[in-house]
Amino acid sequence: MRRQLLGYLVVLSIGLAAGGGMAYMCAQPPAPAAPPAAAPDARQAVPAGAGNPMGTTLIADLVQHAAPAVVNIDTVTRERRPAMLDPFQQFFGGEAPAQEYVQKGVGSGFVIDPSGIIVTNNHVVKGASQLTVTLDDGRKFPGKVLGRDPGTDVAVVKIDGQNLPTLPLGESHNVRVGEWVVAIGSPLGLSKTVTAGIVSALNRDVSINERVSFLQTDAAINPGNSGGPLVNMAGQVIGINTAIAAQAQGIGFAIPSDTARAIVDQLRSKGKVERAWIGVSIAELTPERAEQLFTKLEPGILVRQVVSDGPAARAGLRDGDVILEADGRKVEKPADLIHYLSNKRVGEKVNLLVSREGQRKTLGVTLGAMPDNAQVPAPEEGAEP
C-alpha cells in the first residue's frame, strides 16, 4: 500500500472561473539582456567553484542561464452545461437551456527544443480549448498540444518559435538527497518566480500517481508551478514540478527527468504513449489475503486476476500466483512492479519468479501494449501493470 501523506495533495496548476475569484498576474517586462551563449557541456553551464552553493553569485548565474527557457502557460477551457433552473421552473418541468462556462487556468513549462517544443504537466493542458504561451521576454504564442500522458501527468506543447533558449533534461538517477535545486515558474500566475531548496527524498511514492516515484523537494512551489522545471546546479532539469502536500510546508513533488524523458520522446514522435503491459490485476499480499487463499505469506505481490489472452496468460501466469521477483529484482508491493515495467518497451521479455502452491517457478512474459481502455485501479484495490 502506498504511503498516505498527512493532509492531501494538490496539483499545481491554477483554475480561475472567468469573471470571478482571485485574479492572477502575468508580468510583461521589457526583454532582458540576451542570455549567455550555451555551453558545449550542459554541466558547465554554471561556473564551477563559485563558493557556497546558496551564494547569490551562483544562484544568479544559474537563473540567468535557465530562466529564459521557462514559460508561462495560460489556458481557457469551455464547457457547455445545462443552466440551473429556479424552483418555479423546476415545478412546471421546465428544460434548462445549455450555457457555456469558461474556466481560465495558469501553469508553467520549459522549452527543450529551439523550434518551440515545450514540456509541461498533463493536468495543466487537459481539456483546454485555447493555450497561450508567454516566453521569458514577454512574447506570446498560441500553443498546440502534441500529446499528453495522463498516466505520468506529462504533456508536450508546440509553439511556432525559432532559436528559442532551451533547458536540457538531466539524469535524475544520479541525483542525491541534499543536492541544491532551483524551481522556476508561475506560482499564482506570478511569472518568473525563482525559489531554491534541496532534494529532500528520492523515489517517493504518493497517492496522486501510481506510475511515478517522485523527487521530493523543499524548494517553495505553489499552484501555478505545475509543469515548471526543477533545476540542479549544473543547469539541468532533473524534475517537473507537479504537486504539493496541501497541509504542510516545504513538501513538494516533481516527476523525475528519467521518467519524463521516455514519455516526452513518444509524445513528440507518436502523440501518445505506448505503455508496456503484462495484463494482470495485482494487490499487496496481506496476512488476511494469504489466509483466505491458503497461501504462504511472503514478500511479494498477489495476482488477483489474469486478463484472458493477455501477455501474462500466454506465459502461464494464474490467478492466486504470488510474484516475488522481476528479472531478479524483488517486488514486494504493486508499485515496485509497476515502476519497473514503466521503463520497459513493448516486445521486451520479463522473467517473473512466482510462488504457486508452495512451489517456485520462473515464467517469461513478452510485454504487450496496454489497451486504451485498460483500467488502472489503485494498488489497494488491485492494479494493472
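In what follows, residues are counted from 1 in the order of the sequence shown.
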Under the criterion side-chain hydrogen bond (donor to acceptor under 3.5 Å, both in side chains), I'd like the reasoning laid out for D205 against S213: C-alpha separation, chi angles, the key distance, then a yes or no.
CA-CA 5 Å; D205 293 338; S213 286; 3.0 Å; yes
Write down the atom of [X], the atom of [Y], and the distance for their closest heavy-atom approach.
X: S129; Y: T77; answer: OG-CA, 4.1 Å
X: A243; Y: I221; answer: O-CD1, 3.8 Å
X: V125; Y: A155; answer: CG2-CB, 3.8 Å
X: S108; Y: G224; answer: OG-O, 2.7 Å
X: G300; Y: L324; answer: CA-CD2, 4.3 Å
X: W180; Y: M233; answer: O-CG, 3.6 Å

Donor on one side chain, acceptor on other, T242 and N121, under 3.5 Å
yes
Just by modelled atom types, is the [Y] backbone N or O under 3.5 Å from a matching donor or acceptor in the [X] side chain?
X: E179; Y: N232; answer: no
X: R289; Y: E284; answer: yes
X: H339; Y: A335; answer: yes
X: T75; Y: Q130; answer: no

Just so I know, are the side chains of [X] and [Y] near enough to count as touching, which here means a heavy-atom distance under 4.5 Å?
X: K349; Y: N351; result: yes
X: L341; Y: L367; result: yes
X: N222; Y: T195; result: no
X: V124; Y: I73; result: yes
X: S200; Y: D218; result: yes
X: D149; Y: D153; result: no
X: P165; Y: L135; result: no

Under a 4.0 Å threshold between the charged nitrogen and the carboxylate oxygen, would R139 count as salt-bridged to D137?
yes
Charged N to carboxylate O below 4.0 Å: is that the case for D336 and K330?
no
Taking side-chain hydrogen bond (donor to acceptor under 3.5 Å, both in side chains) as the definition, give me every residue that meets it alongside E298, ordered by chain and number, with sequence neighbours left out.
S355, R360
Mind checking the [atom1]-[atom2] spacing from [X] to [Y]? Nearest 0.5 Å is all I need.
X: S226; Y: N122; atom1: OG; atom2: CG; answer: 10.5 Å
X: Q236; Y: E171; atom1: CD; atom2: CD; answer: 7.5 Å
X: I301; Y: E325; atom1: CD1; atom2: CD; answer: 11.5 Å
X: N241; Y: T217; atom1: CG; atom2: OG1; answer: 7.5 Å
X: L285; Y: E332; atom1: CG; atom2: CD; answer: 11.0 Å
X: K333; Y: I282; atom1: NZ; atom2: CD1; answer: 11.5 Å

When R261 is tested against each of D265, T259, D258 for side chain to side chain donor-acceptor pair (under 3.5 Å), which residue passes?
D258
Using residues 312-323 as the side-chain source, report each donor-acceptor pair under 3.5 Å to any protein atom, sequence neighbours left out, with the distance given to one decimal.
unit_1: R314; atom_1: NH1; unit_2: D309; atom_2: O; d: 2.4
unit_1: D319; atom_1: OD1; unit_2: V306; atom_2: N; d: 2.8
unit_1: D321; atom_1: OD1; unit_2: R356; atom_2: NE; d: 2.8
unit_1: D321; atom_1: OD2; unit_2: R318; atom_2: N; d: 2.9
unit_1: D321; atom_1: OD2; unit_2: R356; atom_2: NE; d: 3.4
unit_1: D321; atom_1: OD2; unit_2: R356; atom_2: NH2; d: 2.8

V157 and T120: side chain to side chain contact (heavy atoms under 4.5 Å, CB included), yes or no, with the steps?
CA-CA 7 Å; V157 172; T120 186; 4.1 Å; yes
Show your reasoning for whether side chain to side chain contact (heavy atoms under 4.5 Å, CB included) applies to L230 and I240.
CA-CA 6 Å; L230 189 67; I240 304 173; over 6 Å; no
Check against side-chain hydrogen bond (donor to acceptor under 3.5 Å, both in side chains), T132 and K140
CA-CA 7 Å; T132 301; K140 293 179 180 291; over 6 Å; no
Residue pair S186, N72: steps toward the side-chain hydrogen bond (donor to acceptor under 3.5 Å, both in side chains) verdict:
CA-CA 6 Å; S186 303; N72 183 92; 2.7 Å; yes
Between L164 and I159, does a side chain to side chain contact (heavy atoms under 4.5 Å, CB included) hold up when you go through it step by step?
CA-CA 10 Å; L164 299 181; I159 62 174; 3.9 Å; yes
Report the C-alpha separation of R275 and I263 in whole Å, then their side-chain angles, then the decisive distance to 0.1 Å, and conclude whether the side chain to side chain contact (heavy atoms under 4.5 Å, CB included) test is met.
CA-CA 9 Å; R275 182 163 281 114; I263 300 300; 4.0 Å; yes
Side-chain atoms of residues 109-118: list all donor-acceptor pairs with protein atoms under 3.5 Å, sequence neighbours left out, distances to 0.1 Å.
unit_1: D113; atom_1: OD1; unit_2: S115; atom_2: N; d: 2.9
unit_1: D113; atom_1: OD1; unit_2: S115; atom_2: OG; d: 2.6
unit_1: D113; atom_1: OD2; unit_2: R268; atom_2: NH2; d: 3.4

Treat each ILVMFWY residue as a node, draw an edge where side-chain heavy atoms are under 4.5 Å apart, and state whether L215 and V177 are in one component.
yes
